[in-house]
Amino acid sequence: MSKYKGVDGRGFSTRSVHAGESRKKHADAITTPIVQSSVYVFEDTAEIQKYVADKRTRFEYGRYGNPTQRVAEEKLAALEKTEDALLFSTGMSAVTTALLAFLSKGDHLVVTDDCYRKTRTFCETTLARLGVDTTFVPAGDYEALRDAMTGKTKVVLTETPTNPHLRVIDVPRAAKIAAARKAKLFVDSTLATPYNLQALTLGADLVIHSATKYLGGHNDLLAGVVMGPASVVDPVRDLQGQLGGTIDPHCAYLLLRGLKTLALRVEKHNRNGLAMARFLEGYPKIEEVYYPGLETHPDYAIAKEQMKGSGGVVSFLIKGGSDETLRFIDNLKLPYLGPSFGGVESLVYHPATLTFNDMPRAKREKLGIGDNLVRYAAGIEDEEDIIADLDRALRVV
Ligand SMILES: *Cc1c(COP(=O)(O)O)cnc(C)c1O
């Protein structure tokens, strides 16, 4: 893969459409084909020898990559303005494979605490079982981050914005703290997207996304990606060859299709998210709103400096308890009720009854997951309709 293929100084939307795509088209068809094959065959042994000398020239076996996947990877690398991208079957496969590639028995990992539930579980159970120790530090507490670092710390993993409390991490500051201990900074920037945040240019060593969310964008696929310099992505690729979390060619095609409209969609998510947050802030039945695009948010200044927009996810507290909150959710008519975010359809989610229902109340409340916490992931519907629906459901509370 050539360095920065398809960037050429062109804008984000142009790269979304054209980067990674060959101008010489298979069967003259404008779209990249779904190459649905597990095996790639050689003409003769000389061709095998040419291939083993430079593995980037063609394909061998589907677990090590396929042509549709490669186009999507080159497009993603161009969007994130970096050298290499590697796609996975899910976001969790990307997160776990990246961590396993850089952590061995006796190593130490630091993770910011407002993080994806399964990422936390992986650190607390699987990594612990393999002899890797994890320290969780409060997102946004840079003193705690510095204090948690030891001579054994190999990786710092942070999400930004975090979920569900939407803290925004000062990436250059976190990168400096990690680098002082020769640790790598991994940033899960799923909520940000490459449109809103370019964490690699701010000092991250590796960026991870659940492509299931905004990158795919249509609630119809599962995928993950890691991106960064080849020197950091290569060990992850080697381990993916062993663990096998490869993306399917058909899924890579769906992702390619979604990526072409990423800028348009994220612009709309940004507008809807901000409109919702402004509407909810100060609404009498709302106790608190978490959205980094609001001037009252603790990370507003960092978000303004680092991010183009704050995305479509807004979390908030309903005044009252479980009864009021569930009544509000059940009275919403526009969003679907379910987990996830980043697709064209709005989704509303109640963390206490779904993802955290098995966690003792005291522990989940310590993580800020109270009965009255709601996460609303705005889709790309008209903001007037989203707000009218919110207003109507809040009146019933
Ligand atoms: C959804 C998500 C993941 C996991 O991705 P999957 O595609 O569901 O496996 C990881 N990190 C963050 C921040 C997420 O939102």
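Just follow the structure's listing: the first ligand is 1, and inside any ligand the first atom is 1.
- Heavy-atom proximity to Lys213, at under 4.0 Å, picks out these atoms of ligand 1: 1 (C), 2 (C), 3 (C), 14 (C), 15 (O).
- Here's the thing with Val95: none of its N/O atoms is less than 3.5 angstrom from an N/O atom of ligand 1.
- Interface atoms of ligand 1 facing Glu159, defined by a heavy-atom separation under 4.0 Å, are 13 (C).
- Salt bridge annotation for Asp323-Arg327: absent, with no cationic side-chain nitrogen under 4.0 angstrom from a carboxylate oxygen.
- Taking the ring centre of Phe328 as origin, the terminal cationic atom of Lys285 falls outside the region bounded by 6.0 Å and 45° from the ring axis.
- Partner Thr68 forms a side-chain contact (heavy atoms from CB on, under 4.5 Å) with one of Asp248, Val35, Leu87 and no other, that one being Val35.
- If you look at Lys118 next to ligand 1, there are no close heavy atoms at all, none under 4.0 Å.
- Ionic pairing of Glu159 and Arg167 is not present here: no N-O contact between side-chain nitrogen and carboxylate oxygen is shorter than 4.0 angstrom.
- Of all protein heavy atoms, the one closest to atom 5 (O) of ligand 1 is Ser210 OG, 3.0 Å.
- Residue Ala223 places a heavy atom less than 4.0 Å from ligand 1.
- Residue-ligand proximity, Gly91 to ligand 1, at heavy-atom distances under 4.0 Å covers atoms 5 (O), 6 (P), 7 (O), 9 (O).
- Of all protein heavy atoms, the one lying nearest to atom 13 (C) of ligand 1 is Asp188 OD2, 3.4 Å.
- Remark: Lys319 does not engage Glu324 in a salt bridge, criterion side-chain N to carboxylate O under 4.0 Å.
- Taking the ring centre of Phe122 as origin, the terminal cationic atom of Arg117 falls outside the region bounded by 6.0 Å and 45° from the ring axis.
- For Asn163, no nitrogen or oxygen atom sits less than 3.5 Å from a nitrogen or oxygen atom of ligand 1, counting backbone and side chain alike.
- For the pair Pro235 and Phe102, the tightest heavy-atom approach, listed with the atom from each and the gap, is CG-CZ, 3.8 Å.
- Heavy-atom contacts of Thr90 reach the following atoms of ligand 1: 7 (O), 9 (O) (cutoff under 4.0 Å).
- Classification of Glu281 and Arg278 as a salt-bridged pair fails, no side-chain N sitting under 4.0 Å from a carboxylate O.
- Of the options Phe88, Tyr116, Phe341, the smallest heavy-atom separation from atom 8 (O) of ligand 1 is shown by Tyr116.
- For atom 9 (O) of ligand 1, the closest non-hydrogen atom of the protein is Met92 N, 2.8 Å.
- Polar contact check, Thr212 against ligand 1: a nitrogen or oxygen pair lies under 3.5 Å apart.
- A salt bridge is defined here as a Lys NZ or Arg NE, NH1 or NH2 lying under 4.0 Å from an Asp or Glu carboxylate O, and Asp371 with Arg361 meets this definition.
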